[in-house]
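Not measured: the values here are computed from a predicted model. FYI, side chains are in, hydrogens and waters are out, and symmetry mates aren't considered; it's all heavy atoms of this structure.
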Amino acid sequence: MNNYKKYNYGTAILSAFEYLLENHPEVFVIGQGLWSPWYVGNTMTDLDKKFGVDRIIDTPVSEAACTGAAVGASLAGMKPIVVHPRMDFMLYAIDAIVNQAAKWSHMTGGNSHPAITIRAIINRGGEQGAQHSQALHAWFSHIPGLRVVMPSTVADARDLFIASVLSPDPVMYIDDRWLYEQVDYLPPVVVKDLSKEGPKLLAEGSDMTIVAASYSTMLAQNARVKLAEEGISAEVIDLRILNPFDSELIIKSVCKTGRLLVIDGGWRTCGMAGEVIASVTENMQVDKWKNQPCRVTLPDAPAPTSRVLEKIYYPDEEQVVIAARKLFT
Amino acid sequence: MNDNLDKLSNPKFFHDHLDVDDIATEQLIEQLKSMLIIRMTEQYIGSMRRDGFIGGPVHLGVGQEAVAVGISQWLRKTDRVFGAHRSHSHILALGSSLHGLFAEILGKNTGHSGGMGGSMHLQDKENGFYGSVPIVAGTVSLAVGAGIAAKFQKNNDVAVAYFGDGACEEGTVHESLNLASILKSPVLFVVENNLFASHMHISQRQTQNSTARFAHANGIPAAVVDGNDVVAVQVAAKKLIEDARAGKGPGFLEAVTYRWYGHVDWRDDIDVGVERSTEDLKNWRARDPVERLKQSLVRKGCWDDTQHQECCTQIEYEIDEAWGRAMSDPYPSEAALLERVYAPPVKS
């Protein structure tokens, strides 16, 4: 344990930036707010001072052009990281992400690959409302060619970020600011191949399977403790990589437990939770189900500002526990 | 600064000889050959589309050959060129192979994009062609980024973004101009202003018909030229490209031109626009970039009809040979559908 260092989720991302910028001269960072201390929490502190403003580029208010420019730079051999301090504003850049980056490999016959990483931050709560709160991972997971990464743990925050940037494919790395204060001790970096990463079993259990991603995984882990007190043994699987989606581990787990609960910080209709349930359903024999699968998601409404509505809008631990109990009735 | 193209957009003007005296004859003859290759190849593609050999849409740029040829004169293989839906001339002017283009349009595995792109998604990085896509203005910001990459790589390479007057109505172009200017990206923005976006004349879409006003607004040096005059194009492009290589930031070249055919495919009698008259088309055909260069060279005494005919015969032969080979090439395997979505896995 001697060479383990203490990080929180935010400083784990910072350490990933430092690792990449120190070891890979082809990495540069572009986006809005990169020279400001408050745009991206503690995840990029002083990078501009340490690595220079030529490599850490704070930009005009131009999400579309900056993201497109990063795609172009990647085709010319660079490994750019585009930072969108709020995913909502990134929607101006959807052509560069969906039409260009995601399709480039396929439409050029596999001759050219945009090794771009788009860091999209979910920055919600605090009565910010509909355009400052979105979690659109399901949208982007619908797009072939785009890898979608949602780390929930401190270790993944660092290691999957490094793997994303070093991947030859376009990657959307989504971090949720509600996770930044988690703490863990991490060993020195060992570089992972993103294409070999997938959902991970975080806790074993025998009575039910809970599947989640990002902040929802934290809810799942907390709910698991409460459920254990009630005599329910829950297995927790962290999705980590939403696209391309590998459902094998989840199917295996649900075949064992017979019960499935999916927690998703996105909307219900056409969401990630629906995809997980469908993938298991079409691969598991009907008689192995002990109860119908269930999902806890955002209600199908934009994020409200009023605190009363905001409180009921985001799933919490209690909602997860209530939903889990229903699987045993 | 003039936001109106005046005579440049009036096809009754600029039918005369080109000012060829200051350019090396060999260079001009090579450019004539390059323009002929593009012209004859595109007309061949048009006829093959008409006859049903080509399944997908082809956007022909017949009449616009001088733009890409004049610009490519100053490009090298390591530069980064991006195009759009009408990019056959852009890729061919870089010396890319006819066979690669034909095979691509036919959806063959030997095509420039492995048969996965067709006419609208071309790439040939070995010759500096990074890619073309049909989303209007889709590659303009990509070119800015390829220029930024050249700055990091300190190799004095430049990027080129070809787009049209219609693309100038997309927001991303304006973001890209500003971003390139503020970051001093070595990129040449080339607007092939052919006065039409699909069926709509520029007067129905913009308040002024010179798009160079957007360069002025962003502090980017700009030139506006007769895009059917390969001499004028190359003289203006030379300066802008040299400046970009020298670290002076982006440049903007507006080349005023005209496409002889409709927005898509081979016909000139349909889909040609709500403001396009037969008279206009006739006059624009008289401002023919190929014929004007040919006549200028003949007048100078360094080219004649026999040489011209021999040159055309040779190109016809090359086209036939490349097409025949592409026709008998294999299609991609069914596995390619899924295999090319992501980069191939690294073997561990």
Side-chain angles (χ1 to χ4, degrees), chain A residues 25-28 30 54-55 57 59-80 82 92-93 95-96 98-116 143-147 166-170 193-196 243-244, chain B residues 80 82 104 109 111-118 120-125 130-131 133 135 137-153 157 159 161 170-180 182-183 185 187 332 336-346 348:
Chain A
E26 70 276 24
V27 171
F28 72 95
I30 185 168
D54 288 338
R55 249 179 122 193
I57 307 170
T59 70
V61 190
S62 304
E63 289 83 0
C66 291
T67 309
V71 175
S74 77
L75 297 174
M78 302 298 289
K79 288 193 180 296
V82 191
Y92 273 124
D95 175 68
V98 174
N99 281 327
Q100 312 308 339
K103 293 174 178 54
W104 203 270
S105 167
H106 202 258
M107 65 193 184
T108 61
N111 284 304
S112 186
H113 310 282
I116 176 187
I143 306 299
L146 192 64
R147 295 189 185 275
L166 299 182
S167 163
D169 296 310
D193 178 348
L194 188 67
S195 70
K196 298 195 168 60
N243 194 38
Chain B
R80 300 103 199 256
F82 290 85
E104 189 51 48
N109 198 44
H112 281 318
S113 304
M116 306 298 280
M120 297 195 289
H121 313 86
L122 302 169
Q123 67 92 39
D124 179 14
K125 261 183 161 175
Y130 270 50
V133 302
I135 294 288
T139 61
V140 179
S141 59
L142 272 61
V144 174
I148 293 169
K151 271 184 73 180
F152 278 113
Q153 292 154 348
D157 285 339
E170 297 282 6
T172 188
V173 167
H174 302 273
E175 288 189 17
S176 297
L177 292 170
N178 179 58
L179 186 68
I182 207 89
L183 295 180
S185 171
V187 53
L337 186 65
L338 292 175
E339 277 173 1
R340 292 169 177 176
V341 178
Y342 296 97
V346 182
S348 51

Note, Pro332(B) side chain near Arg340(B) side chain (heavy atom, < 4.5 Å): yes
Toward chain B, the part of Glu63(A) with a non-hydrogen atom under 4.5 Å: backbone
Hey, which of Ser62(A), Gly110(A), Pro168(A) has the most heavy atom pairs under 4.5 Å with chain B? Ser62(A)
Distance (rounded to the nearest 0.5 Å) between Glu339(B) CD and His106(A) NE2: 10.0 Å
Do His121(B) and Ser113(B) meet the criterion of a side-chain donor-acceptor pair at a distance under 3.5 Å? no
Measuring heavy-atom distances to chain A, does Leu122(B) have an atom under 4.5 Å in its side chain, in its backbone, in both, or in neither? neither
From the options Val144(B), Val187(B), Leu142(B), select the one residue that forms a side-chain contact (heavy atoms from CB on, under 4.5 Å) with Ser176(B). Val144(B)
Under 4.5 Å from any heavy atom of chain A - which part of His112(B): backbone
Separation between OG of Ser112(A) and OH of Tyr130(B), rounded to the nearest 0.5 Å: 8.0 Å
Between chain A and each of Met120(B), Gln153(B), Lys151(B), count heavy-atom pairs under 4.5 Å; write down the option with the most. Gln153(B)
Most contacts with chain A, counted as non-hydrogen pairs under 4.5 angstrom, among Asp157(B), Ile135(B), Leu337(B), Val140(B): Ile135(B)
Using only atom types and a distance under 3.5 Å, with no angle test, would you say the side chain of Lys103(A) pairs donor to acceptor with the backbone of Val98(A)? yes
Do you know which of Lys125(B), His174(B), Arg80(B) has the most heavy-atom pairs with chain A at a distance under 4.5 angstrom? Lys125(B)
Pro80(A), part contacting chain B, at a heavy-atom distance under 4.5 Å: neither
Ile57(A) portion near chain B, given a 4.5 angstrom heavy-atom threshold: side chain
Taking Trp104(A) as the fixed residue, which of Ile116(A), Leu75(A), Asn111(A) is the one that meets the side-chain contact (heavy atoms from CB on, under 4.5 Å) rule? Leu75(A)
I'd like to verify something: which residue of Leu179(B), Thr139(B), Asn109(B) has the highest number of heavy-atom pairs under 4.5 Å with chain A? Leu179(B)
